[in-house]
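Below: one structure, written as structure tokens.
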Amino acid sequence: MLKLISPAKINLFLKVLGKRSDGYHELSSLFQTIDLVDILTFETAHEDSVICTDSSIPTDETNLVLKATQLFRRKTGLKLFLKIYLEKKIPVQAGLGGGSGNAATTLWAMNQLAGKPAQTQQLQNWSSEIGSDIPFFFSQGTAYCRGRGEIVNSIPSFPSRSCWIVKPLTGLSTPEVYKTLNKGPLLEQAENSQTQTDLDLFLKKPYYYNELENSAFEINPQLKALKLELQESGFDTVVMTGSGSSFYCFGDGMPPARSDVIHYPAVFFNRTPSRWYEFTETV
Ligand code: C5P
């Protein structure tokens, strides 16, 4: 049996460079893991199964953890099956990468339980086949990502920073947000020259932004109102993460105490190279 933490992520900046011929969007984005986590327990079994604390999450093969077990068997040829207990705390349709982190955690766990037949780099490469955001979780938690998100360049972690994650009860569908963006085709020039500059600019003087915000606001105008409300409460940074619908907030504000909005305190959370994400005494 193996019990592992599966963290959420936020996008400190997210730029959309253009739409690619394969339908995906080319991104330039800085990802950071946070200590809002799910807990996954893995046991070897005769067949795969998932038990989840959140009954709204499907436990059939559409669940990314089962896509991950299938992927691992396909790549390694091993006949290893898992019973997975998913203790969900990360909200879904939130832009927090909960499902992607769960898939990465499953691949890591399965590799451990199989006696480590694969390198972490291989798990990372394989994982892009089942989702654009999954490879990021094999970094140590801070990475500059390009392509459709799957080209991961780890960078040193930042000093820990606390934030609030604020999520309205209504979620957003990732494909719908990208579709609403209605972005023109990718210019090759943008792909090659602009991207490194985005990271350099951020490292010189952090500027938090997300170019998917406007399409999310178009789909659900209440999100824009919530952003304004959070800014007015005193937060100096309020930015949507991923394709929404949650925001991360830095500064001295307070999330609204309303039944249609949930909020979580969080801090940046990284892992050490040879271990998976874990809480230490100081966290
Ligand atoms: O890769 P993933 O399955 O997470 O992507 C879900 C959907 O989000 C894709 O089918 C696509 O519509 C959209 N997407 C995109 N560009 C990206 C990532 C996702 O258009 N870079």
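Keep in mind that the numbers below use all heavy atoms, side chains included, and drop hydrogens, waters and symmetry copies. Atoms within a ligand are numbered from 1 in the order they appear, just like the ligands themselves.
The structure places CG of Leu181 at 5.0 Å from NE2 of His25, a figure rounded to the nearest 0.5 Å.
At the shortest separation from atom 21 (N) of ligand 1 among protein heavy atoms lies His25 O, 2.8 Å. Looking only at heavy atoms of the protein, atom 9 (C) of ligand 1 is closest to Tyr24 CE2, 3.7 Å. Given atom 13 (C) of ligand 1, the protein heavy atom at minimum distance is Tyr178 CD1, 3.5 Å. Nearest protein neighbour of atom 7 (C) of ligand 1, counting heavy atoms only, is Pro175 CG, 4.0 Å.
In the candidate list Gly147, Gly131, Ser128, Gly242, Gly131 is nearest to atom 3 (O) of ligand 1, counting heavy atoms.
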Chi angles and distances behind the side-chain hydrogen bond (donor to acceptor under 3.5 Å, both in side chains) call for Ser28, Tyr144
CA-CA 7 Å; Ser28 163; Tyr144 174 55; 2.8 Å; yes
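Proximity of the aromatic rings of Tyr24 and Tyr178 is defined here by a centroid distance below 6.0 angstrom, and this criterion is not met.
Of the polar atoms of Thr174, none of the N or O atoms is found under 3.5 Å from an N or O of ligand 1, judged by distance alone. Annotation: Asp133 places no N or O atom under 3.5 Å from an N or O atom of ligand 1; distance criterion only.
If you number the atoms of ligand 1 from 1 as listed, the ones under 4.0 Å from a heavy atom of Leu27 come out as 21 (N). Counting the atoms of ligand 1 from 1 in the order shown, those under 4.0 Å from a heavy atom of Gly23 are 20 (O). Near Ser132, with a cut-off below 4.0 Å to any heavy atom, the atoms of ligand 1 are 1 (O), 2 (P), 4 (O), 18 (C). Distances below 4.0 Å separate heavy atoms of Arg148 from the following atoms of ligand 1: 17 (C), 18 (C), 21 (N).
With hydrogens and angles left out, the side-chain atoms of Gln32 and Thr142 include a donor and acceptor closer than 3.5 Å.
Residue Ser139 comes nearest to Ser154 through the heavy atom pair CB-OG, 3.4 Å, listed as atom of the first residue, atom of the second, then distance. Across every non-hydrogen atom of Leu107 and Ala68, the tightest pair is CD2-O, 3.4 Å.
The aromatic rings of Phe269 and Tyr277 sit tilted, their planes meeting at an angle between 30° and 60°.
A salt bridge (Lys or Arg N to Asp or Glu O under 4.0 Å) with Asp38 is found for one member of Lys88, Lys89, Lys3 and no other, namely Lys88.
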